[in-house]
Amino acid sequence: MAAIEARIAAAKGAQVPEARMDEHYSGAQMAWRMVIELVAGLGIGFGIGYGLDLFFGTLPIFMVLFVMLGLAAGVKTMLRSAQEMQDMKMAEEAGIEYVPNGMKNKAPKTGDKSEGA
C-alpha cells in the first residue's frame, strides 16, 4: 500500500503546474510601462507649457520648450526602466536576489564610529 501511495504522490508531483509569472514582468508589460512613461512626460510637459503660455500670453514658446523637456524626462525614465530590467535579468541569471537601486553590493552600516575606541 505504501508503494502505491508513493507512486500516486510522485504522479501528483509531476502534474503540479509551474509557478505563474505574476511576480515577474513580461516583455509586453515592460514595453507598455515604457510607452506610458514617455507619454506621461510629454503630457506633463505640454500641460505645464500650455498653462504658462496662457498665463503669460505667449502661446507657442513655453509649450514647445516644456514639451521638449517632457520628452527628455520621458526618455530618461525609459532608460532607467530598461536598466532596471537588465539588472533584474542579470540578478536572476546569477542566482542572487535583485534589490533595486544597486543596493545589493553595499555593506550595512555599523553604527557609531566611537564604538571601537
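Quick caveat: nothing in here was measured; it's all calculated off a predicted structure. Quick note: numbers below take in every heavy atom, side chains included, and nothing from hydrogens, waters or symmetry partners.
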Practice item. Could you name each residue pair satisfying side-chain hydrogen bond (donor to acceptor under 3.5 Å, both in side chains) that touches residues 37-51, not counting sequence neighbours? Key: R33-E37, E37-S81
Exercise for review: Check the hydrophobic clustering (I, L, V, M, F, W, Y; side-chain heavy atoms under 4.5 Å; chains of links allowed) and say if L42 and I44 are grouped together.
Suggested key: no
Check your understanding: Would you call Y98 and E84 a side-chain contact if the rule is heavy atoms closer than 4.5 Å?
Key -> yes
Compile the donor-acceptor pairs under 3.5 Å between side chains in residues 54-78 and protein atoms, sequence neighbours left out, one pair per line.
residue	atom	partner	partner atom	Å
T58	OG1	D53	OD1	3.1
T77	OG1	A73	O	2.8

Review point. Using links of under 4.5 Å between side-chain heavy atoms of ILVMFWY residues, direct or through other members, which residues join M90 in one cluster?
Key: none
Check your understanding: Should side-chain heavy atoms under 4.5 Å link Ile, Leu, Val, Met, Phe, Trp and Tyr, which residues sit in the same cluster as M1?
Key -> none
Review point. Among pairs that include at least one residue of residues 65-75, which meet salt bridge (Lys or Arg N to Asp or Glu O under 4.0 Å), considering only residues two or more places apart or in two chains?
Key: none
Check your understanding: How long is the span from the CE atom in M34 to the CE atom in M85, to the nearest 0.5 Å?
Key -> 4.0 Å
